[in-house]
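Report on one structure; see the data block that follows.
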Amino acid sequence: MTVALAVILAGVLHAVWNAIAKGAPDRWASFALIGLGEALVVVPMGAVVGPPDRAAWPWLLASVAVHIVYMGLLLVAYQLGDFSQVYPLARGSAPLLVAAVAAAALGERLTWAQDAGVAAVCGGLGVLAFAGRRDGAAKGGTGGKGGTGEEGSVDGEGGVGAGGGVTRERDPRAVAAALLTGVSIAAYTLLDGVGVRHAGGSLSYTSWMFGIQAPVTVALVLALRGRATITRLDRAAALRGLAGGVISMASYGIVLWAQTRGTLASVAALRETGVISGAVIGAVFFSERLGPRRIAAACVVAAGVVLITAH
């Protein structure tokens with residue numbers, strides 16, 4: 001019960017830091033600051049606990065590479081789509097992929113409950129992918145600047161709700177980016193699930209994985225966007241980004257710890273109950289019109305990912 005509650009908390013924390021990234025006026029700067037916030041915690045921690053065992057390093061380094069791809073895909077998805085659409089799609093699709101790979105490659109048989117979970121996730125994702133157009137039309141408008149429903153720029157300026165705070169028309173590119181994000185989530189979940197069990201301790205694996213990933217993330221943003229991306233931010237925005245990094249590290253650190261005490265699939269499924277928190281955050285803080293379809297779909301996805309790993 002303690003492990004399950006900890007993982008559910010990790011899901012809530014994950015939704016919170018994603019909301020910070022989504023709500024930033026410049027999401028490139030937000031992702032760089034999240035990386036800095038992670039580094040401030042894990043670099044000194046890694047120096048204290050020491051490196052993980054040698055057997056964990058191939059998994060750890062592969063995970064770092066996948067995490068960098070994941071961050072890029074997530075940034076694109078949040079530029080194109082609503083938080084309450086992108087977040088459940090990305091998070092809910094990952095356990096579905098893990099279950100499919102396990103069945104096809106490892107010969108794992110699904111129980112009736114897991115079959116029901118697969119059906120629930122597929123149905124919920126379908127509703128989420130198509131609910132935006134209907135809910136936005138019901139409100140009588142779309143969300144971007146000037147009511148066009150488009151994001152202001154690649155920076156994400158003029159973000160969600162700038163033209164009235166309602167859901168934008170569904171963009172197929174946002175759906176595609178969210179689903180690709182889900183693929184990357186499934187990949188690093190599998191890599192880290194194996195790696196942390198070879199590390200000799202979840203704390204060392206967490207600190208060194210984030211300790212490598214965070215500086216790489218910051219360096220990439222600075223190389224692509226320049227130092228002004230960060231230096232032009234006001235203090236409040238900078239502090240939010242740094243706080244997002246600390247929350248991100250805490251969230252995934254809990255997950256890695258739980259993966260050493262429970263099955264990989266069950267931990268992954270419990271974590272994705274955070275999609276419900278994501279739906280609530282999208283409505284409360286981004287003024288996104290969820291409508292009954294999205295609310296119900298988010299709950300169905302959350303129930304489905306739990307059923308997938310039922311025993």
Side-chain angles (χ1 to χ4, degrees), residues 3-46 49 63-64 67-68 70-75 77-78 83-84 86-88 90-91 94 156 159-160 181 184-185 188-189 192 196 202-203 205-218 221 230 233-259 267-268 270-286 302:
V3 173
L5 291 175
V7 176
I8 291 171
L9 172 61
V12 174
L13 293 175
H14 191 278
V16 170
W17 85 254
N18 272 254
I20 291 173
K22 169 65 178 177
D26 184 334
R27 292 182 200 121
W28 287 87
S30 177
F31 275 76
L33 287 166
I34 286 170
L36 285 173
E38 292 169 348
L40 289 174
V41 176
V42 299
V43 169
M45 182 188 301
V49 301
S63 174
V64 168
H67 268 90
I68 297 299
Y70 156 73
M71 295 288 277
L73 288 169
L74 190 63
L75 186 150
Y78 283 155
F83 181 79
S84 55
V86 168
Y87 188 77
R91 303 310 310 182
V160 176
T181 303
S184 66
I185 293 168
Y188 75 63
T189 297
D192 287 332
V196 72
S202 61
L203 196 58
Y205 188 93
T206 301
S207 57
W208 282 76
M209 191 268 287
F210 276 105
I212 296 172
Q213 172 200 321
V216 173
T217 301
V218 175
V221 172
I230 297 178
L233 293 177
D234 59 39
R235 183 177 181 181
L239 289 175
R240 283 195 298 270
L242 292 172
V246 175
I247 295 170
S248 169
M249 188 277 301
S251 171
Y252 201 54
I254 292 172
V255 171
L256 291 172
W257 166 80
Q259 286 176 337
V267 170
L270 284 171
R271 185 191 186 199
E272 306 317 340
T273 57
V275 299
I276 298 175
S277 301
V280 174
I281 289 171
V284 174
F285 293 99
F286 297 123

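The minimum heavy-atom distance between Ala258 and Val267, with the atom names listed, is O-CG2, 3.8 Å. Residues Ala21 and Ser30 come closest through the heavy atom pair CA-OG, 3.4 Å. The shortest non-hydrogen separation linking Ala32 to Ile230 is CB-CD1, 3.7 Å. Taking each heavy atom of Arg271 and Val7 in turn, the nearest pair found is N-CG1, 3.4 Å. For the pair Ile247 and Leu13, the tightest heavy-atom approach, listed with the atom from each and the gap, is CG2-O, 3.3 Å. Here the closest non-hydrogen pair linking Val255 and Ala10 is CG2-CB, 3.9 Å.
Side-chain contact between Gln259 and Ile254 is absent, with no heavy atoms from C-beta onward closer than 4.5 Å. Residues Met249 and Val42 are in side-chain contact: their nearest non-hydrogen atoms beyond the backbone lie under 4.5 Å apart. Annotation: side chain of Phe285 is not in contact with side chain of Val280 (no heavy-atom distance under 4.5 Å). You'll find the side chain of Tyr252 stays beyond 4.5 Å of the side chain of Trp17, heavy atoms only. Looking only at side-chain heavy atoms (C-beta outward), Leu40 and Leu242 come within less than 4.5 Å of each other. The shortest distance between side-chain heavy atoms of Thr217 and Ile34 does not fall below 4.5 Å.
A distance of 6.0 Å or more separates the ring centres of Tyr205 and Phe210.
A distance of 14.5 Å separates CG of Leu33 from CZ of Arg27, quoted to the nearest 0.5 Å. Here the CZ-OG distance, from Arg91 to Ser277, works out to 12.0 Å after rounding to the nearest 0.5 Å. Taking CG of Asn18 as the reference point, atom CG of Leu74 lies at 5.0 Å (rounded to 0.5 Å). Between the CD1 atom of Ile68 and the OG atom of Ser184 there is a distance of 11.5 Å, given to the nearest 0.5 Å. Here the CG atom belonging to Leu203 is positioned 5.5 Å from the CE atom belonging to Met45, to the nearest 0.5 angstrom. Rounding to the nearest 0.5 Å places CD of Glu38 at 12.5 Å from OG of Ser207.
By the 30° and 60° cut-offs, the orientation of the rings of His14 relative to Tyr70 is tilted.
Here Ser202 pairs with Val196, Trp257, Thr260 under the side chain to side chain contact (heavy atoms under 4.5 Å, CB included) rule; sequence neighbours left out.
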Could you walk me through whether Ile212 and His67 pass side chain to side chain contact (heavy atoms under 4.5 Å, CB included), step by step? CA-CA 11 Å; Ile212 296 172; His67 268 90; over 6 Å; no
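Between the side chain of Thr189 and the backbone N or O of Ile185, at least one donor-acceptor pair lies under 3.5 Å.
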